[in-house]
Structure formats: structure tokens, C-alpha cells
There are 2 protein chains.
Amino acid sequence: MAVTIKDVAKKAGVSPSTVSRVLSNHPRISAETSRKVKEIMDQLGYHPNIMAKSLVSKTTNSICIMLPKSAEELFSNFFFMELIRGIVTQANRLGFDVLLSSGANEKEEVECVSRLLNGHRVDGVILLYSRINDPVIDFLYKNNHNFVLIGRSEQYPDILSVDNDNVQASYDATKHLISLGHKRIGFVSGPPELVVSKDRLKGYLLALNDAGLETKPEWIVEGEFLQESGYRAISFFMNLPDRPTAIVLIDDVVSFGVLRGLYELNYKVPEDLCLVSFNNIPLAEMSTPPLSSVDIGIYNMGYTASGMLIQAIQNNSGDKTVPGRYIIPHRLVVRESSIFSVQKD
Amino acid sequence: MAVTIKDVAKKAGVSPSTVSRVLSNHPRISAETSRKVKEIMDQLGYHPNIMAKSLVSKTTNSICIMLPKSAEELFSNFFFMELIRGIVTQANRLGFDVLLSSGANEKEEVECVSRLLNGHRVDGVILLYSRINDPVIDFLYKNNHNFVLIGRSEQYPDILSVDNDNVQASYDATKHLISLGHKRIGFVSGPPELVVSKDRLKGYLLALNDAGLETKPEWIVEGEFLQESGYRAISFFMNLPDRPTAIVLIDDVVSFGVLRGLYELNYKVPEDLCLVSFNNIPLAEMSTPPLSSVDIGIYNMGYTASGMLIQAIQNNSGDKTVPGRYIIPHRLVVRESSIFSVQKD
DNA sequence: TTGAAAGCGCTAACAT
DNA sequence: ATGTTAGCGCTTTCAA
């Protein structure tokens with residue numbers, strides 16, 4: 001049997017409550033007793049039972065990360081790992097543990113957060129994705145749980161969320177290509193049910209409109225956050241009669257597929273086609289040619305989301321002065337994949 | 001206040017213990033009461049308090065994943081994300097939650113697992129890495145905790161672990177290059193404190209020896225699981241008077257750095273240098289040229305480790321018939337980066 | 001088949 | 001500054 005607070009109390013000749021006070025650095029405890037109790041504690045190898053503490057304090061000092069139903073299909077792994085690193089780092093710094101969960105589908109996801117939150121297993125949840133019309137968000141919102149979104153919700157614009165200004169980011173990326181003289185610019189998007197796909201598409205269209213450039217439905221293709229998407233998209237694009245001379249891509253990984261496809265078709269980047277994508281993963285710098293990419297501060301998003309959630313949890317019995325929405329700044333990193341200027345035609 | 005077992009009991013006109021029995025599918029409970037109680041449960045929106053249950057049952061149905069101190073520096077993110085996916089999937093399937101933790105250094109890591117395990121927060125731990133002389137492993141082993149290692153321990157060969165036969169895998173990769181006629185083969189290793197680096201180096205040397213080929217200290221360089229390592233290594237290799245015509249690399253990501261470096265130096269793969277690396281990440285297939293790589297079944301390793309740990313936890317009060325060590329099979333996937341045969345010289 | 005009661009390890013009034 | 005006491009919500013003998 002593990003050593004409990006009572007064992008420590010007995011051996012130290014004090015009451016259990018005194019030991020408890022020492023544990024939580026209660027102000028009104030004599031330095032002497034504190035020292036003695038602490039000594040006995042590690043003499044006995046005492047470790048507080050976290051479950052017992054949680055039971056009475058009604059707080060778990062834990063948060064939960066919900067992975068999307070099929071992380072492997074939707075996103076580049078890099079994105080998630082980086083987000084998670086940020087979340088875990090900040091949570092640990094603030095004395096919180098992090099639980100990782102996922103469901104096979106939306107129903108399971110709801111059941112999962114419900115079990116965890118209502119079962120007092122965790123104090124709050126971070127969703128790593130923002131889907132349009134998400135039942136998980138509905139559940140969390142309606143039951144007044146603590147949660148923060150990576151991204152944003154269209155239905156509930158005021159909920160806690162950490163996001164980029166994806167419209168602006170995409171606008172910037174597109175603008176960059178326009179400034180190089182490109183007139184025909186394509187867009188490879190992500191899954192349409194994700195808010196981020198929608199926002200980036202919007203920014204792209206806005207930039208073209210502002211520049212008075214033509215937009216064509218066939219210059220926009222939807223895909224996933226996978227190389228295959230880029231690979232497929234490119235054979236489509238390059239066969240168009242009026243093919244784009246540059247494209248904006250939802251994710252660096254998609255660019256890799258494009259690069260591969262272009263190589264096989266014997267096209268050169270940036271001479272035949274300029275590329276700008278999002279996320280700026282480390283590999284972007286090392287590809288041939290190095291990829292222009294919008295750095296969106298993924299780690300920072302995770303870190304910030306984690307801090308926001310924990311602040312919300314701790315403020316919960318007080319005033320609700322937590323800001324609703326936090327925008328992580330983005331930064332376009334121009335590399336070789338987009339340094340080719342188009343000749344006047 | 002949340003609804004408790006008592007509220008359900010009162011409303012159903014039974015005792016709390018009956019409700020508890022319904023919850024755990026106790027055999028001796030009438031179908032009628034069970035039905036009625038369950039009805040009341042979701043009528044009231046009852047959710048069992050996981051902490052309270054843990055406190056009395058002395059089991060948490062949770063395991064913990066320890067991330068290495070600086071995941072970002074040591075390994076490709078892909079590797080970890082894939083491992084984690086496997087662990088979480090299997091754990092959830094078996095009704096376990098997964099906690100994610102990390103420490104800034106080895107001391108913090110020990111403190112962390114100690115707090116979690118001794119504090120009855122989790123029932124067991126999975127270590128995602130195998131370092132030589134690891135104090136975390138010491139701690140876990142000496143305190144008789146439930147844990148499994150991804151990799152293996154040299155000090156404690158009998159502990160639960162999931163691993164590849166890395167010596168053989170590296171032997172196979174090297175043998176493949178030898179069979180193409182290469183006589184001068186280099187090796188880019190990982191951090192020397194990792195067991196996996198040691199094992200793969202061993203397999204490489206073994207293959208060269210078995211083939212009666214020369215080995216040279218300058219054909220072996222140590223690095224990290226980063227592109228930069230490959231990038232640096234290659235400028236070193238290519239300046240050697242008797243430079244290798246092929247290299248084995250510890251990780252695909254390192255190969256990407258090599259590819260970039262070779263491109264800048266105006267060398268061609270596989271004509272000037274053949275490459276084989278480990279892990280077979282999705283990008284390996286999409287690089288130019290596609291990379292030959294040893295698939296080590298990362299997801300499977302995580303999945304298996306998770307299952308083993310949970311089995312160990314559940315068997316703990318019974319017989320110790322859990323197998324100590326599980327080897328995940330590997331498979332060399334040959335692609336363009338290594339299809340060039342050397343001419344007889 | 002069900003109920004009563006004790007207790008898991010801890011905290012937090014309320015005393016002193 | 002410290003002790004006493006009463007639970008937190010659940011499971012589990014023991015009795016009925």
C-alpha cells in the first residue's frame with residue numbers, strides 16, 4: 001500500500017490537515033513544522049494521490065486534446081505534432097497534464113468529450129481543427145464547457161479560439177504572386193468542410209479581384225492535406241488550355257506532391273510554375289527548389305491555445321475577462337519556388 | 001452540482017450500491033432494475049465521476065506517453081505522430097485514456113513519471129525512445145512500475161519493449177547497396193546516445209564485413225534526425241578523396257537534407273550517389289528522386305506497445321506471462337534513389 | 001437480488 | 001499555527 005497523508009502525519013506527530021497545508025504551501029504554517037513534514041515526506045517517499053485531491057477539489061488540472069477523426073488523412077502530421085508540442089509545453093509549465101483523445105467519427109468524438117468533461121476527468125478541451133457545423137462544438141458550447149478552438153467557428157464567432165488571419169494570409173500569398181506579374185493563378189484547397197479551406201480560398205479570390213485579374217472555376221481544385229492531392233491537381237492544371245503560371249497551395253505537403261508531378265511532366269519550378277504554400281514546415285526549406293511558404297506559427301498557436309484554456313478554467317468562478325479570439329501573426333517566407341517574374345505579354 | 005450516483009438511486013427508488021452494480025454490469029442484478037436505472041441515468045444526464053471511481057478502485061485506466069526531452073531536435077515529427085496515433089488508437093479501443101508528458105531534461109522526466117505513477121494518476125508509461133543509460137528507465141525498473149519501451153534497453157534486456165530488429169534492418173539496407181556493386185558505402189547515424197543509432201551502425205558494419213568490403217572511420221558520421229545533418233554530412237562526404245558511392249541514412253528526413261546538398265553541389269541521385277534510409281515516411285515516395293527506405297512499421301509499434309502495456313497492467317495481480325520483447329518486422333522498399341548499379345572498376 | 005455501511009486519500013470549514 | 005470533523009462520489013464487503 002502506498003504511503004498516505006496519514007502516515008506522514010503520524011510519523012511527524014502532526015495532524016493530516018497540517019500535512020495537507022504543508023503540501024499546498026498554506027501561509028499560516030510554521031517554517032519549522034513545514035521543514036519537518038517535508039523531511040518526513042521524502043523520507044517515506046510520499047506522493048500525493050492526485051485522484052483523491054481531484055475528487056475533493058473538483059478540479060483535475062488536466063486538459064484534453066481532441067485529435068480529428070482521421071488525422072492521418074486530413075492533415076500533415078507535422079502540423080499536429082507541432083500544435084501538440086506547443087500545447088503540452090505550456091500546459092506543463094502551468095502545472096496541467098494533457099490527455100490525448102480521438103474518436104472514429106463525430107458521434108464518438110462527442111461521447112468522448114462528454115465522458116471526460118462530465119466525468120470530471122479533465123477541466124477543458126482543445127479542438128485541433130475547425131469544421132463547419134461541428135456537433136462537437138455544439139455540444140461543448142451548449143453545455144457551457146471550457147474549450148478552445150484552433151481555428152474559428154462560423155456558428156459561434158465569440159467562442160475562445162486561436163487562429164491565423166487566414167483570409168489575409170492567403171491574400172498576401174496571392175498578392176506576392178501577382179506582384180511578380182502572374183495573371184493566371186490557381187488554388188489548391190483543402191477539404192471543403194474545414195473553415196481554413198474556406199478562409200484561404202476567400203483571401204485568394206479577394207486578391208485576384210482587387211488586382212482586377214480573372215478568376216476561373218477550373219483554376220481552383222479541392223483536395224486533402226496530402227501529397228497525392230498536389231500530385232493529382234498538377235496533372236489537371238498543366239493540361240488546361242489556359243493553364244495557371246502560379247499556384248497557391250493549402251499546405252506545404254501538397255506542394256511536395258506538385259513538385260513531384262511537375263518533375264515527372266518535365267516542368268521546372270519556378271520557371272514554368274511558381275508555388276506558394278502554407279505552414280512553412282522545416283522541409284520546405286530543404287526541398288528542391290526551396291518552397292515559398294506562409295509561416296503561421298503553429299507551435300505558437302498550440303502554446304497560446306493551451307494558455308487561454310487554462311486561464312479560462314482558472315477564471316471560471318470569477319469574471320469572464322478572457323479575450324475571445326486570438327490571432328497569431330503570419331509571415332510570408334519567399335524562397336526559390338516563387339522568384340520567377342513573368343514577362344509582359 | 002453534477003448529478004451523482006445518489007441522485008440516480010433516489011429517483012429510481014433503489015440504493016446507491018444497486019446503481020453502482022448496474023454501472024459495472026454486475027451479474028446478479030435484475031434485468032428490470034437495470035433497465036429502469038439506466039433510463040433514469042440518461043434522463044438525469046448522469047456521468048460517473050472518473051476520479052471517485054479511480055480513488056476506490058486504485059486503477060486509473062490511463063497510460064502516459066513520455067515524449068523525449070526535445071522531440072523537435074531529435075526526431076522527425078512524423079515518427080512521433082505516427083507512434084502516438086498507434087498508441088492512442090489501441091488504448092482507446094481497450095478503454096484507456098492517454099496522457100502526454102515531457103520534461104526539459106532527464107531529471108524532470110523522472111520527476112514527471114514519478115508524480116504520475118506514484119500519485120496514481122496513470123497505471124503505466126510508454127517511453128518513445130531508448131537512450132543508453134537512461135535514468136528514467138532506471139527509475140521505472142527499480143520501482144517495479146508498468147512500462148514499455150519503444151526500442152530496447154541494454155542494461156535491462158528483459159523489460160517490456162517493442163522494437164525493430166535494427167541490426168538486421170540496417171544489414172539489409174547495406175546489403176542491398178552492396179548487391180548493386182557498391183564498394184564504398186557511407187553511413188549517416190543519429191545521436192550516439194540512442195540505442196537505435198548503435199544498432200543500425202552495427203548492422204551496416206556487419207554487412208560490409210560479411211561482404212569483405214572496406215570500412216573507414218571517415219565514411220561514418222553522426223548527426224541528428226534532421227535535414228541539416230544530411231546537408232552537412234554530404235559536403236563532407238563528397239570532398240573525401242575516396243568518397244562513398246552510396247550511403248545508408250538513419251532517417252528519411254536526413255536524406256532530404258542530403259538530396260538538397262547534392263543538388264546544390266550539382267550531383268545526381270542515384271547516378272553519383274545512391275541513398276537508402278529508414279522509416280519510409282509518406283514523403284519518401286514523393287521526393288525527387290523517390291527514396292529507397294526501410295519501412296519499420298511505426299504505427300504498428302505504437303499500437304503494439306500500447307496493447308502490451310495495458311495487458312501488463314491488467315495482468316499485474318496475476319501471472320506474469322507477458323512476452324518481454326516484441327519485434328516489429330521491417331521491409332526494405334526500393335525506389336529510384338538506389339537503383340543505379342556501379343560499373344566494375 | 002438488493003441495501004447498509006465503511007472507507008479510498010484528500011481538503012476545507014470550523015474550532016482552538 | 002494546528003487539530004477535528006465532515007464529506008467529495010464511488011465500490012465493496014457483509015447482511016438480509
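Order of the sequence lines sets the chain letters (A, B, ...), proteins ahead of strands, with each chain counted from 1. Only this structure's heavy atoms are used, side chains among them; waters, hydrogens and symmetry mates stay out.
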Nearest to the side chain of [X], which nucleotide is it out of [options]?
X	options	value
A/K53	C/dG7, C/dC10, C/dT2	C/dC10
B/S15	C/dG9, C/dA4, D/dG3	C/dA4
B/A52	C/dT11, D/dC10, C/dG3	D/dC10
A/T33	D/dT11, C/dT11, D/dA1	D/dA1

Just to confirm, is there a sub-4.0 Å distance from OP1 or OP2 of [N] to any side-chain nitrogen or oxygen of [X]?
X	N	result
A/S30	D/dT2	yes
B/T4	D/dG9	no
B/K58	D/dT11	no

Subject >> CG-CG distance between A/N61 and A/D123, expressed to the nearest 0.5 angstrom >> reply: 6.5 Å
**OP:** Starting at CG of A/L67, measure out to CD of A/E109 and round the result to the nearest 0.5 Å.
**Re:** 9.0 Å
Base, sugar-phosphate or nothing for [X]? Non-hydrogen atoms, less than 4.0 Å.
X	value
B/S20	base
A/I29	sugar-phosphate
A/S17	base

Original post:
So, A/S20 side chain and A/P16 main chain: donor-acceptor pair closer than 3.5 Å or not?
Top reply: no
How close or far is atom [atom2] of [N] from atom [atom1] of [X], stated in whole angstroms?
X	N	atom1	atom2	result
B/R28	D/dA16	CZ	C1'	13 Å
B/K6	D/dT11	NZ	P	13 Å
A/R121	D/dC8	CZ	C1'	17 Å
B/D7	D/dC10	CG	P	9 Å
B/H120	D/dC10	NE2	C1'	17 Å
A/L23	C/dG9	CG	P	15 Å
B/I50	D/dC10	CD1	P	11 Å
A/K10	C/dG9	NZ	C1'	14 Å

**OP:** Can you label the angle between the A/Y141 ring and the A/Y156 ring as parallel, tilted or perpendicular, going by 30° and 60°?
**Re:** parallel
Subject >> First of B/L55 and B/R21 reached from the 5' end of DNA chain D, by closest nucleotide >> reply: B/L55
**OP:** Please name the residue in the list B/I87, B/V88, B/L99 that meets the side chain to side chain contact (heavy atoms under 4.5 Å, CB included) test with A/L100.
**Re:** B/V88
